[in-house]
Amino acid sequence: MLQTTTLLTLAPESAFMLLKAGAALRALPVEEREDGLKLTLPWGEVVAAREAGGVRLTLSASDRARLHSLQEAIDRPLDEAALCPDRRWSFAETGANPPNMTFMAVVSCRRLTPSYYRVRLSGPSVERFAREGLHFRLLFAPAEHAGEWPVMNEAGRTEWPGGMGAWHRPVYTVRTIDAGAGTLEFDVFAHPGGRVTTWCETLQPGAQIAIIGPGGEWYPRAGWMALFGDETALPAIARILEAMPEEGAGIATIMIGDPGDIQEMKRPEAVSVRWLVRGRDAGLVEALAALEMPSADRFVWFAGERAETAAARRLMGERGLAKTEMRAAVYWTR
Ligand SMILES: Cc1cc2nc3c(=O)[nH]c(=O)nc-3n(C[C@H](O)[C@H](O)[C@H](O)COP(=O)(O)OP(=O)(O)OC[C@H]3O[C@@H](n4cnc5c(N)ncnc54)[C@H](O)[C@@H]3O)c2cc1C
């Protein structure tokens with residue numbers, strides 16, 4: 001096991017509250033201990049213990065990429081709340097690229113259906129993108145830092161040339177992985193003004209791209225599942241359906257703009273797929289409102305545009321779904 005540790009100069013109760021809130025959001029297991037907490041994340045474990053001057057965080061994971069993903073999961077909420085900006089992590093490979101970043105070469109970029117490109121990348125350690133997170137980020141440097149890449153500083157934190165906010169880091173879903181061939185595929189929904197769409201239009205084999213991950217959620221699990229999403233969520237829905245056990249049941253409802261984008265998706269027999277066409281059919285939130293669902297062993301998942309997702313999240317609460325039975329994820333913002 002690899003470890004990294006830092007001292008958070010925070011009142012222990014505030015630190016514990018922050019960690020528990022983060023864990024509750026992702027339905028992560030939390031173990032209360034005499035001197036603090038233990039959290040189990042997809043990449044490893046976080047132990048938080050009272051110490052003179054604050055709370056000692058100790059992160060353990062089986063490799064560097066996982067350890068760094070775990071650290072990022074802790075750093076992100078602290079940074080968003082502007083807490084302990086001077087924290088230093090003990091595991092620091094100063095000057096190295098972040099261990100969860102991988103350089104990939106474009107193998108191909110083809111039109112899959114009228115609105116999608118399928119991009120195939122090849123590179124080292126793609127097998128790690130087949131576990132613990134369905135998603136990754138493409139990294140596009142700001143123009144004035146073209147050709148530069150993020151590196152680790154002596155505090156074990158990632159430094160982004162020009163500042164992280166200046167980078168375009170869109171999230172995509174791993175659609176297929178072939179660990180033997182060392183390839184990974186993802187599907188890009190082409191939309192007007194999209195910087196990734198523009199990138200795909202002229203993409204040539206051999207082009208280099210850096211990706212970071214994996215991250216985000218892992219497969220939701222329940223005997224019965226209802227999945228709702230628009231074009232950006234179609235790849236995630238396809239992966240979740242593929243991973244469902246044979247005896248799984250449920251329904252997937254997908255909103256598309258062009259009936260030509262309908263795809264065959266591998267799924268258990270007792271899962272139906274309903275395609276809605278924008279402008280012709282009622283919307284995803286209306287479909288969610290009309291959903292008939294069992295009273296237990298169920299999970300309702302929704303991903304799409306920010307305002308729609310917010311409406312879906314409210315509706316799920318009103319329909320009596322517990323936090324552990326639902327997920328509403330913002331995939332893009334209009
Ligand atoms: C967890 C997660 C997984 C995702 N997986 C996928 C995936 O597998 N495939 C995929 O195609 N997308 C996916 N997305 C959505 C994708 O990250 C966003 O659509 C992102 O904005 C695309 O970046 P861009 O550079 O094309 O557009 P940007 O340059 O970020 O945005 C340019 C303009 O396009 C608009 N825009 C962004 N998305 C859309 C859209 N869908 N329709 C219409 N206008 C839009 C923006 O409002 C903005 O005005 C995912 C998002 C998340 C959070």
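Whatever order the structure lists them in is the order used to number ligands and atoms, beginning at 1. All heavy atoms count here, side chains included; hydrogens, waters and symmetry mates do not.
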With a cut-off of 6.0 Å (strictly less than), are more than 12 heavy atoms of other residues, nucleotides or ligands near CZ of R306?
no

Short list, please: which atoms of ligand 1 are under 4.0 Å from a heavy atom of G193?
32 (C), 33 (C)

Is any side-chain N of the basic residue among E13 and K20 closer than 4.0 Å to the acidic one's carboxylate O?
no

For ligand 1, does D187 get within less than 4.0 Å through its side chain, its backbone, both, or neither, judged by non-hydrogen atoms?
backbone

Write out the residue and atom name of the closest protein heavy atom to atom 21 (O) of ligand 1, then the distance separating them to 0.1 Å.
W332 CB, 4.6 Å

Counting non-hydrogen protein atoms only, what is the nearest one to atom 22 (C) of ligand 1? Give residue, atom name and distance.
Y172 OH, 3.4 Å

Once you restrict to heavy atoms under 4.0 Å, what part of T333 touches ligand 1? Side chain, backbone, both or neither.
backbone

W43 ring centre to R131 NZ or CZ under 6.0 Å, with the angle to the axis within 45°?
no

Determine, using heavy atoms of H168 and all atoms of ligand 1, whether some pair is separated by less than 4.0 Å.
yes

Under 3.5 Å between some N or O of ligand 1 and some N or O of H135?
no

Heavy-atom contacts under 4.0 Å between L234 and ligand 1: side chain, backbone, both, or neither?
neither

So, E31 and R33, do they make that salt bridge, N to O below 4.0 Å?
yes

Give the residue, atom name and distance (to 0.1 Å) of the protein heavy atom nearest atom 15 (C) of ligand 1.
Y331 O, 3.2 Å

To check your reading of the model: name the closest protein heavy atom to atom 50 (C) of ligand 1, its residue, and the distance in Å.
V171 O, 3.2 Å

Protein contact to atom 8 (O) of ligand 1 [nearest heavy atom, distance to 0.1 Å]:
T173 N, 3.1 Å

Which residue and atom name correspond to the protein heavy atom nearest atom 29 (O) of ligand 1, and how close is it?
R195 NE, 2.7 Å

Quick test: of every protein heavy atom, which one is nearest to atom 53 (C) of ligand 1, and how far off is it to 0.1 Å?
V330 O, 3.5 Å

Return yes or no for this condition: an N or O of V196 is under 3.5 Å from an N or O of ligand 1.
yes

Salt bridge check, R87 against D75: does any charged N sit closer than 4.0 Å to a carboxylate O?
yes

Take atom CD of E201 as the centre, draw a 6.0 Å sphere, and report whether it contains more than 12 heavy atoms from other residues, nucleotides or ligands.
yes

Can you tell me which residue pairs pass the ring-ring contact (aromatic ring centres under 6.0 Å, His included) test with a partner in residues 204-249, sequence neighbours excluded?
none

So, regarding R334 and ligand 1 (criterion: nitrogen or oxygen to nitrogen or oxygen, under 3.5 Å), is there a contact or not?
no

Taking NZ, NE, NH1 and NH2 as the nitrogens, is one of them in E154 or R88 under 4.0 Å from a carboxylate oxygen of the other?
no

Do you see a donor-acceptor pair shorter than 3.5 Å between the side chains of R66 and S69?
no

For ligand 1, which atoms, with element, lie under 4.0 Å from some heavy atom of V188?
11 (O)

Over all heavy atoms of both residues, which pair between A190 and R111 is shortest? Give the atoms and the distance, please.
CB-NH1, 4.2 Å

Starting from atom 11 (O) of ligand 1, find the nearest protein heavy-atom neighbour and note its residue, name and distance.
F189 N, 2.7 Å

Are a donor atom and an acceptor atom from the side chains of R120 and S108 found within less than 3.5 Å of each other?
no

T232, portion touching ligand 1 at heavy-atom distance under 4.0 Å
both

Any nitrogen or oxygen of P170 lying under 3.5 Å from a nitrogen or oxygen in ligand 1? Just yes or no.
no

Quick test of your reading of the structure: of H191, E217, E231, whose heavy atom lies closest to atom 36 (N) of ligand 1?
H191

With side-chain hydrogen bond (donor to acceptor under 3.5 Å, both in side chains) as the rule and sequence neighbours excluded, what pairs involving residues 280-301 come up?
E217-W301, R298-E325

Protein contact for atom 47 (O) of ligand 1 (heavy atom, distance under 4.0 Å):
yes

State whether R267 and E242 are salt-bridged, where the test is any N-O pair (Lys NZ or Arg NE/NH1/NH2 against Asp/Glu carboxylate O) under 4.0 Å.
no

